[in-house]
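Only one structure is covered here, and it is reproduced in the block below.
Hydrogens, waters and symmetry mates play no part in the numbers below; they use all other heavy atoms, side chains included. Letters go in sequence order (proteins before strands), and every chain restarts at 1.
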Amino acid sequence: MRNKEVSQKFYELASLAELAGENPFKVNAYVKAARAIEYLPTPIEDLARENRLTEIKGIGSGIAKKIVQYLETGKIEKLEEFKKKVPPSLLEMEKISGIGPKGAYALYKHLGITTVEELKEAALNGKIRSLPGFGAKKEENILKAIQGLRKKKVEKRVSIGIGLPLAEAIVEFLKKNSPIEKIQVCGSIRRMKEKIGDIDILATSEKPEEVMARFIEVPMIKDIVVKGETKTSILTNEGLQVDLRVVEPSSFGAAIQYFTGSKQHNIKLRELAIKSGYKINEYGVFEVKTERKIGGEKEEDVYNALGLPWIPPEMREDRGEVEAAMTNDLPNLVELFDIKGDIHMHTTYSDGANTLEEMVKRAMELGYEYIVVSDHAKALGVASGLTLDEYKRQKREIDELNEKFGDKIRIFFGAELNILSDGRVDFPEEELEIFDICLAGIHTALTQPMKKIMERLKKAMRIKKIKIIAHPTGRVIGEREGYEVDLEELLEEAKNTGTILEINANPKRLDLNDMNAMHAKKTYGLKFVIGTDAHSREGLDDMKYGIGVARRAWLTRADIINTLPLKEFEKFIREE
DNA sequence: GCCGTTTTCGGCCCGACTGTTTTCAGTCG
């Protein structure tokens, strides 16, 4: 599947075209095409072969030709032309806050600047201030930016696992200490993106000035970026920007909709609005002719004005959700309370921080009907994993606890096996019979070539007792890409063997990710489990992140095995 | 360059902010 690669080429084409001053609508057409390819569930090369490229929305004859040309020759003529016109290194300069395509091109044309290094030199020598459209202030800002003081937001994204708790803590602080009425976290956190660039919080209040004054007293503040009457931005100790805006109650819903995004989703809505004679902005929905406001107090108003049902935030990425809403085909997304049990966790038997009983008690507090305890197995060289004897000891404690808690919760005896470098797992297949269910995952020999990795995964999936592949691609966000995996082959084999793929809810993993899970359902009809992989009591609370991924993948309750009530989950375990 | 239950030509999201200007272009989200 070369979708990502082809999509990247069109993003590049768009950026260079923009630099070269190409018609902005044409540039946008390239971006739209790049996005369409990026989110395409099927391999673009298949569509190209079948001459069906123009069936994709946003791809017409011109771009289709370029795709074919790229697939056949590895080059796009138009892209090469642009590269001759403008040095591609100018794109690096656009990463500096305050410099866009026009600025980068002007710097190149008038001063011959092509790199950030040359830009710094020119700024230090005071050469930039004399350029038309530039001035002393801009020159100063450029220098600041280069010295890392004003990076663009995309450059410093953090995990949702950091962003969400931080946002919640700030909301709690404001609720307690300032005169707010309503408050809502928006932006990419509300959409549950795996990485977020900033925190957007909206509130209503009779006394906005006082809210602003209290906001800058929040304990995790490092710096104030701007402080106004209704909008204040701060920098937290983690270097994350938090924007707080206070809006009129009559615009609260429209503002929530606007600041939740995504940008592409909002553009889609506004295009739709125009066609129906409406205008949408952060203040509300307006009839163009009369300028009459027809809604905005509630978020639903914005969607309902366009004849659409409310769309869940996790879906708002312009991946077809607006079209689905138009035909009333929005899926009924899985919810946190649909989850009846956690199927992936560790205890002090292996490398967990809490005892078996402590984990069970927390699971009961969460209202689960059952859990699968899945401590690591002792493969050669794997630290703190269990031997078969140790597992048997754990089994006895599980039996005791099942006895003790009766029908309050059911504890299943599981294991997270290691898929070893030769595709075997820790124990021979017949020894696995003692377990109720096994997960298996790759934890070692991550750097093997793809062919070898796939052999290992497939071998494991064919073992009957192994019903779940844990964290299927092995990525750890911000640390490593994951091992080389042929996703199509993996999904195909999962389908053939009836293996369930995990959506690992640990915010550092979130693996499968939203795009892959969506594809796995759409193209292969696969089912999933969501497991926290908890190594402590608190880890069990990560389920919400897995739910976020599932909802971003458009999954419903029926797609997730651990939404099944106990009886049916048990049946699933017993199935051959 | 794409697209069409007002269309095959003439549109293509919207507003705020900044820094440069004297009415606005560029950038950003």
**OP:** Would you give the length of the straight line joining atom CD of A/E50 to atom CD of A/E45, rounded to the nearest 0.5 angstrom?
**Re:** 11.0 Å

Subject >> Side chain to side chain, A/V116 and A/K95, heavy atoms closer than 4.5 Å >> reply: no

**OP:** Decide yes or no for A/R552 and A/R319: does some side-chain heavy atom of the first lie under 4.5 Å from some side-chain heavy atom of the second?
**Re:** yes

[N], OP1 or OP2 - any side-chain N/O from [X] closer than 4.0 Å?
{"X": "A/N141", "N": "B/dG19", "value": "yes"}
{"X": "A/K26", "N": "B/dG1", "value": "yes"}
{"X": "A/K279", "N": "B/dG15", "value": "yes"}
{"X": "A/N281", "N": "B/dG15", "value": "yes"}
{"X": "A/K137", "N": "B/dC17", "value": "no"}

Across the strands shown, which category fits [X] at heavy-atom distances under 4.0 angstrom: base, sugar-phosphate, nothing?
{"X": "A/G103", "value": "sugar-phosphate"}
{"X": "A/K66", "value": "sugar-phosphate"}
{"X": "A/L269", "value": "nothing"}
{"X": "A/P132", "value": "nothing"}
{"X": "A/A136", "value": "sugar-phosphate"}
{"X": "A/I267", "value": "base"}

Between [N] atom [atom2] and [X] atom [atom1], what is the distance in whole Å?
{"X": "A/K275", "N": "B/dT5", "atom1": "NZ", "atom2": "C1'", "result": "11 Å"}
{"X": "A/Y30", "N": "B/dC2", "atom1": "OH", "atom2": "P", "result": "8 Å"}
{"X": "A/N28", "N": "B/dC3", "atom1": "CG", "atom2": "C1'", "result": "13 Å"}
{"X": "A/R129", "N": "B/dG19", "atom1": "CZ", "atom2": "C1'", "result": "14 Å"}
{"X": "A/Y258", "N": "B/dG29", "atom1": "OH", "atom2": "P", "result": "11 Å"}
{"X": "A/N266", "N": "B/dC28", "atom1": "CG", "atom2": "C1'", "result": "14 Å"}
{"X": "A/K231", "N": "B/dC17", "atom1": "NZ", "atom2": "P", "result": "7 Å"}
{"X": "A/E282", "N": "B/dG15", "atom1": "CD", "atom2": "C1'", "result": "5 Å"}

Nearest-angstrom distance, [atom1] atom, [N] to [M]:
{"N": "B/dC2", "M": "B/dT6", "atom1": "P", "answer": "23 Å"}
{"N": "B/dC17", "M": "B/dG11", "atom1": "C1'", "answer": "28 Å"}
{"N": "B/dG29", "M": "B/dT23", "atom1": "C1'", "answer": "24 Å"}
{"N": "B/dT18", "M": "B/dC12", "atom1": "P", "answer": "28 Å"}
{"N": "B/dT21", "M": "B/dC14", "atom1": "P", "answer": "29 Å"}
{"N": "B/dT20", "M": "B/dG26", "atom1": "C1'", "answer": "10 Å"}

Taking [X] first and then [Y], would you say they form a salt bridge - that is, a charged N and a carboxylate O separated by under 4.0 Å?
{"X": "A/R245", "Y": "A/E282", "value": "no"}
{"X": "A/R509", "Y": "A/D542", "value": "no"}
{"X": "A/K298", "Y": "A/D301", "value": "no"}

Original post:
Going by the angle between their ring planes, with limits at 30° and 60°, are A/Y524 and A/H519 parallel, tilted or perpendicular?
Top reply: perpendicular

Original post:
5'-most contact on DNA chain B: A/F259 or A/F25, nearest heavy atom basis?
Top reply: A/F25

Subject >> Most 5' of A/S276 and A/L131 on DNA chain B, judged by nearest nucleotide >> reply: A/S276

Original post:
Is it true that the side chains of A/Y70 and A/E5 contain a donor and an acceptor less than 3.5 Å apart?
Top reply: yes

Please pick, from [options], the nucleotide with the shortest atom-to-atom distance to any side-chain atom of [X].
{"X": "A/K138", "options": "B/dT20, B/dC2, B/dG26", "value": "B/dT20"}
{"X": "A/K102", "options": "B/dC2, B/dT27, B/dC14", "value": "B/dT27"}
{"X": "A/K57", "options": "B/dC2, B/dC12, B/dG4", "value": "B/dG4"}
{"X": "A/K263", "options": "B/dT27, B/dG1, B/dG29", "value": "B/dG29"}

Original post:
Considering only heavy atoms and no angle criterion, is a donor-acceptor pair shorter than 3.5 Å present between the side chain of A/Y105 and the base of B/dG26?
Top reply: no

Original post:
Where does B/dT7 land, syn or anti, given syn is within 90° of 0?
Top reply: syn

**OP:** Find the partner of B/dT8: check Watson-Crick (N1-N3 plus N6-O4 or O6-N4) and G-U wobble (N1-O2, O6-N3) distances, both under 3.5 Å, and reply none if neither fits.
**Re:** none

